[in-house]
Amino acid sequence: MTVRTRFAPSPTGFLHIGGLRTALFCWLYARRHAGHMVLRIEDTDLERSTPEAIQQILDGLEWAGLDHDEGPFFQTKRFDRYRDVIAELIETGHAYRCYCSKEELEQLRAQQTARGEKPRYDGRWRERTDSLPGVAPVVRFKNPLSGEVVVDDVVHGRVVFQNSELDDLIIARSDGTPTYNFCVVVDDMDMEITHVIRGDDHLNNTPRQLNMLLALGKKPPVYAHLPMILGPDGAKLSKRHGAVSVLQYRDEGFLPEAVLNYLVRLGWSHGDQEYFSIEEMVRLFDIADVNKSASAFDVGKLAWLNQQHMMRAPASRLVPVLRWHLEHEGIQATSDDQLEQIVVSQRERAKTLLEMAVNSRFFFIAPTSYDEKAVRKHVTADVWAWVGEVSKELSQLADWSAPAIHALISGFAAAKGASLGKLAQPIRLAVCGGTVSPPIDATLAILGKDEALARLAKALAAWSA
RNA sequence: GCUCCCUUCGUCUAGUGGCCCAGGACAUCGCCCUCUCACGGCGAGUACACGAGUUCGAAUCUCGUAGGGAGCGCCA
């Protein structure tokens with residue numbers, strides 16, 4: 001049996017971190033078993049679905065690199081099929097028309113809640129065959145009245161529901177359009193989905209879907225209900241924290257492979273391993289090893305993982321991303337070669353590529369001012385003179401490479417009986433304007449001889465005052 | 001309210017009856033390395049929600065309690 005999973009978002013908003021994790025698990029499971037992942041857009045809610053949201057979801061998946069093998073299929077394009085199945089269900093006695101008005105149902109619910117009961121449809125049209133003229137009916141599924149439904153869930157184990165707890169859900173609205181729980185059943189059946197992997201907020205829907213599937217004479221798929229992802233404070237992911245588009249992580253300088261690595265470790269682990277390449281995830285991940293409990297989103301750990309990925313990636317992988325972020329900062333970078341040097345010297349001092357871009361501004365834009373406190377601290381009269389002397393020596397240097405620069409500066413410092421730091425900090429201040437940069441030799445090398453010397457001269461002039 | 005789900009350090013987790021007075025990672029703090037910032041290394045503190053039971057022995061099994069979550073729509 002070929003594994004077939006599906007990712008089925010509803011296009012009512014952007015793809016957030018929870019949706020991405022579900023997509024990731026569907027994708028990993030399909031890839032691991034050489035199966036197919038189908039993408040299905042659940043857009044039956046005509047009111048809330050938007051084309052922009054569809055595009056955002058597609059963009060998010062693409063950025064993450066989670067490709068699908070089939071689809072996207074749109075539920076709105078399958079209305080004829082749903083109509084046929086509804087007709088079939090009515091014909092076989094598994095569904096019926098209900099002429100209750102919304103007001104009538106609201107009243108029923110109000111009464112039940114007042115009595116402390118679970119609000120549910122009481123089946124008043126279940127056995128009626130007449131109709132109410134002038135009223136457009138809904139269609140309800142005739143759920144079994146007794147017995148139990150067992151969901152054999154891969155992550156939760158055996159979960160038992162009593163049929164008496166379930167009511168006759170609406171499968172077609174009075175305007176004839178089908179509803180979510182019903183469409184899911186028909187789609188999963190038609191698309192021959194073997195593994196339904198979704199958030200565990202759907203666990204309660206599963207017995208209803210199982211009953212419908214049984215009424216249609218189909219074998220149920222394997223179910224895996226994933227624990228939810230909570231906000232950093234342990235509360236439900238909300239707009240205020242965490243519930244942002246996955247594309248925002250791109251904008252903040254995260255690598256998709258790092259985000260995926262972070263997400264795969266939420267609810268799943270493989271011994272003590274923290275770092276996973278995409279290939280390792282595919283090879284090692286198994287849905288059966290997933291935890292049952294919800295987990296909180298921790299940006300700090302994501303950031304750490306992001307740096308781990310940056311440090312292990314080939315520099316060429318990071319160059320275009322850094323270039324993208326620099327451009328967003330209004331900086332037009334020139335050579336790939338220079339960017340690669342920047343990446344290599346900066347990646348161990350930045351958690352994200354955005355941070356790297358910001359920290360690397362000075363490579364492209366000469367400082368217009370100098371950190372005053374640092375100047376007072378590091379630029380004394382004799383140090384000022386030394387910087388002048390070392391500048392002169394640097395200007396004579398034929399081989400403008402980090403090792404050569406290092407040899408020159410440390411040799412000069414040694415000759416003066418001073419530590420390298422005594423000299424490195426003022427030079428750093430001169431070329432960066434601040435006290436933080438890669439090692440001074442690398443910084444000067446990347447800057448280029450002309451630029452470095454020009455900045456030194458300018459700083460010397462500014463500090464002579 | 002009813003039904004269902006969940007519960008190990010601040011956070012992500014290891015652990016499937018003895019290897020655990022609980023291991024790793026992020027974060028925090030300290031030390032080392034060091035030209036800054038980092039990276040890296042070393043070390044510290046911090047957890048089995050609670051209560052019963054089963055057992056020679058429980059983080060691991062059972063029951064209860066508490067807390068959290070989800071669902072109960074002509075939303076998905």
Side-chain angles (χ1 to χ4, degrees), chain A residues 8-12 42-45 47-49 75 98 100-102 105-106 109 112-121 136-140 151 153 156 159-162 164-167 169-175 177 179-181 183-184 199-208 225 227-228 230 232 234-236 262 265-275 291-305 307 311 346-351 359 374 378 406 409-410 413 419-429 432 434-441 443:
Chain A
S10 61
T12 54
E42 310 215 316
D43 55 352
T44 54
D45 185 352
E47 305 275 298
R48 299 198 299 152
S49 299
Q75 292 187 323
C98 164
C100 288
S101 66
K102 288 183 187 179
L105 293 171
E106 264 166 42
R109 268 194 288 272
Q112 289 166 328
T113 331
R115 264 181 278 148
E117 289 167 20
K118 183 175 179 171
R120 53 209 289 281
Y121 179 65
V138 298
V139 178
R140 286 180 185 274
V151 179
D153 193 89
H156 287 276
V159 184
V160 181
F161 295 86
Q162 296 303 317
S164 53
E165 289 295 330
L166 275 22
D167 65 356
L169 75 157
I170 291 172
I171 57 177
R173 305 182 180 94
S174 50
D175 66 2
T177 57
T179 59
Y180 168 76
N181 275 111
C183 295
V184 168
D200 68 9
D201 47 337
H202 289 289
L203 187 54
N204 284 297
N205 287 329
T206 310
R208 302 167 177 284
H225 286 94
M228 312 245 77
L230 275 19
K236 192 184 166 183
Y262 177 72
R265 284 283 292 99
L266 247 36
W268 177 84
S269 63
H270 182 259
D272 287 340
Q273 189 171 342
E274 297 289 350
Y275 176 93
N291 280 187
K292 300 174 186 192
S293 51
S295 40
F297 189 85
D298 178 8
V299 214
K301 186 148 186 184
L302 204 212
W304 175 79
L305 266 173
Q307 184 170 35
M311 291 195 296
Q346 290 282 54
R347 60 173 154 195
E348 63 200 30
R349 56 201 97 236
K351 301 276 192 198
N359 291 348
H378 297 290
H406 184 263
I409 297 179
S410 59
S419 69
L420 179 55
K422 190 99 168 143
L423 206 50
Q425 274 310 72
I427 296 175
R428 177 171 283 118
L429 269 169
C432 310
T435 56
V436 176
S437 88
I440 199 63
D441 50 357
T443 302

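Every chain is numbered from 1 and lettered A, B, ... according to where its sequence line falls, protein lines coming before strand lines.
- Tested against A:Asp167 for a salt bridge (Lys or Arg N to Asp or Glu O under 4.0 Å), the candidates A:Arg208, A:Arg140, A:Lys118 yield a single pass: A:Arg208.
- Spacing between atom CD1 of A:Ile427 and atom P of B:rC37 amounts to 17 Å, rounded to whole angstrom units.
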Under the criterion side-chain hydrogen bond (donor to acceptor under 3.5 Å, both in side chains), I'd like the reasoning laid out for A:Arg428 against A:Gln425: C-alpha separation, chi angles, the key distance, then a yes or no. CA-CA 5 Å; A:Arg428 177 171 283 118; A:Gln425 274 310 72; 2.6 Å; yes
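- The separation between A:Gln425 atom CD and B:rU36 atom P is 7 Å, rounded to whole Å.
- Between A:Tyr121 and A:Asp200, it is A:Asp200 whose nearest contact on RNA chain B lies nearer the 5' terminus.
- Pair assignment for B:rA58: none, as no Watson-Crick or G-U wobble contacts are both less than 3.5 Å.
- Within 3.5 Å, a donor on the side chain of A:Glu274 pairs with an acceptor on the base of B:rG24, or the reverse.
- Candidate nucleotides B:rC39, B:rG10, B:rC6 were compared by shortest atom distance to the side chain of A:Lys292, and B:rC6 ranks first.
- Nearest nucleotide to the side chain of A:Ser295, out of B:rU13, B:rA25, B:rC2: B:rU13.
- Taking atom C1' on both B:rG15 and B:rC20, the two are 9 Å apart, rounded to the nearest angstrom.
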side-chain hydrogen bond (donor to acceptor under 3.5 Å, both in side chains) between A:Asp175 and A:Thr177, intermediate numbers included: CA-CA 6 Å; A:Asp175 66 2; A:Thr177 57; 2.6 Å; yes
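- Rounded to an integer number of Å, the gap from CE of A:Met228 to P of B:rC12 is 15 Å.
- Listed for the A:Arg347 side chain is no donor-acceptor partner under 3.5 Å among the backbone atoms of A:Ala350.
- Contact annotation: A:Lys351 reaches the phosphate of B:rA27 (side-chain N/O to OP1 or OP2, under 4.0 Å).
- Side-chain atoms of A:Val436 and A:Arg349, non-hydrogen and from C-beta on, never get closer than 4.5 Å to each other.
- The minimum heavy-atom distance between A:Gln307 and A:Lys351, with the atom names listed, is OE1-NZ, 3.5 Å.
- Each of A:Ser293 and A:Asn204 was matched to the nucleotide of RNA chain B holding its nearest heavy atom; the match closer to the 5' end belongs to A:Ser293.
- Residue A:Ser269 places its side chain closer to B:rU13 than to any other of B:rU13, B:rU36, B:rU3.
- Computed from coordinates, the A:Leu203 CG to B:rU3 P distance equals 16 Å when rounded to whole Å.
- With hydrogens and angles ignored, a donor-acceptor pair under 3.5 angstrom links the side chain of A:Arg428 to the base of B:rC35.
- In this structure, CG of A:Asn359 is placed 12 Å from P of B:rC39, rounded to the nearest angstrom.
- Comparing B:rU8 with B:rG68, their C1' atoms are spaced 16 Å from each other, to the whole Å.
- Residue contacts for A:Phe161: at a heavy-atom cut-off of 4.0 Å it reaches the sugar-phosphate backbone alone, with no base atom in range.
- At most 12 non-hydrogen atoms from other residues, nucleotides or ligands lie less than 6.0 angstrom from NE2 of A:His270.
- A:Gly199 comes within contact range of no nucleotide atom at all, as no heavy-atom separation falls under 4.0 Å.
- Distances shorter than 4.0 Å separate none of the side-chain N or O atoms of A:Lys118 from OP1 or OP2 on B:rC72.
- With rounding to whole Å, A:Arg120 atom CZ is found 18 Å from B:rG71 atom P.
- A distance of about 12 Å separates the P atoms of B:rG40 and B:rA25, rounded to the whole Å.
- Within 4.0 Å of A:Pro438, counting heavy atoms only, lies at least one base atom of the nucleic acid.
- B:rG71 is paired with B:rC2 under the Watson-Crick or G-U wobble criterion, all donor-acceptor distances under 3.5 Å.
- Nearest to the side chain of A:Val159, among B:rC4, B:rC2, B:rU13, sits B:rC4.
- The partner of B:rU36 cannot be assigned: no Watson-Crick or G-U wobble pair with both contacts below 3.5 Å exists in any strand.
- Which of B:rG24, B:rG71, B:rU36 sits closest to the side chain of A:Pro439 comes down to B:rU36.
- Taking atom P on both B:rA58 and B:rC5, the two are 27 Å apart, rounded to the nearest angstrom.
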Between the protein and nucleotides 74-76 of chain B, are there any N/O to N/O pairs under 3.5 Å, and if so, what are the atom names and distances?
from   : atom 1 : to       : atom 2 : distance (Å)
B:rC74 : O2     : A:Ser174 : N      : 3.0
B:rC74 : O2     : A:Ser174 : OG     : 2.9
B:rC74 : N3     : A:Ser174 : OG     : 3.1
B:rC74 : N4     : A:Cys100 : O      : 3.3
B:rC75 : OP2    : A:Arg173 : NE     : 2.1
B:rC75 : OP2    : A:Arg173 : NH2    : 2.9
B:rC75 : O3'    : A:Arg173 : NH2    : 3.1
B:rC75 : O2'    : A:Asp45  : OD2    : 2.5
B:rC75 : O2'    : A:Arg48  : NH2    : 3.4
B:rC75 : O2     : A:Arg48  : NH2    : 3.3
B:rA76 : OP1    : A:Thr44  : OG1    : 3.0
B:rA76 : OP1    : A:Asp45  : N      : 3.4
B:rA76 : OP1    : A:Arg173 : NH2    : 2.3
B:rA76 : OP2    : A:Arg173 : NH2    : 3.1
B:rA76 : OP2    : A:Tyr180 : N      : 3.2
B:rA76 : O3'    : A:Glu42  : O      : 3.0
B:rA76 : O2'    : A:Ser10  : OG     : 2.8
B:rA76 : N1     : A:Asn205 : ND2    : 3.4

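- Base pairing analysis places B:rA49 opposite B:rU65; the two distances defining the Watson-Crick or G-U wobble pair are each below 3.5 Å.
- Remark: the separation of the P atoms in B:rC48 and B:rC9 is 7 Å, to the nearest Å.
- For the C1' atom pair drawn from B:rA59 and B:rG18, the interatomic distance equals 13 Å after rounding to whole Å.
- With both pairing distances under 3.5 Å, B:rG10 is matched to B:rC26 as a Watson-Crick or G-U wobble pair.
- Separation of atoms OH (A:Tyr121) and SG (A:Cys100) is listed at 4.0 Å; rounding is to 0.5 Å.
- Contact annotation: A:Lys301 side-chain N/O to B:rU13 OP1/OP2 distance is not under 4.0 Å.
- Separating the CZ atom of A:Arg349 from the P atom of B:rC39 is a distance of 9 Å, rounded to the nearest angstrom.
- Nucleic acid contact class of A:Ile440 (heavy atoms, under 4.0 Å, all strands): base.
- Using C1' as the reference atom, B:rU13 and B:rC50 are 23 Å apart when rounded to the nearest Å.
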Determine whether A:Thr179 and A:Thr44 satisfy the following criterion, side-chain contact (heavy atoms from CB on, under 4.5 Å), listing intermediate values before the conclusion. CA-CA 7 Å; A:Thr179 59; A:Thr44 54; over 6 Å; no
Just do the side-chain hydrogen bond (donor to acceptor under 3.5 Å, both in side chains) check on A:Thr435 and A:His378 with the steps written out, would you? CA-CA 10 Å; A:Thr435 56; A:His378 297 290; over 6 Å; no
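- Here B:rU13 presents its C1' atom at 16 Å from CZ of A:Phe297, a figure rounded to the nearest Å.
- B:rU46 sits 14 Å from B:rG24 when the P atoms are compared, rounded to a whole Å.
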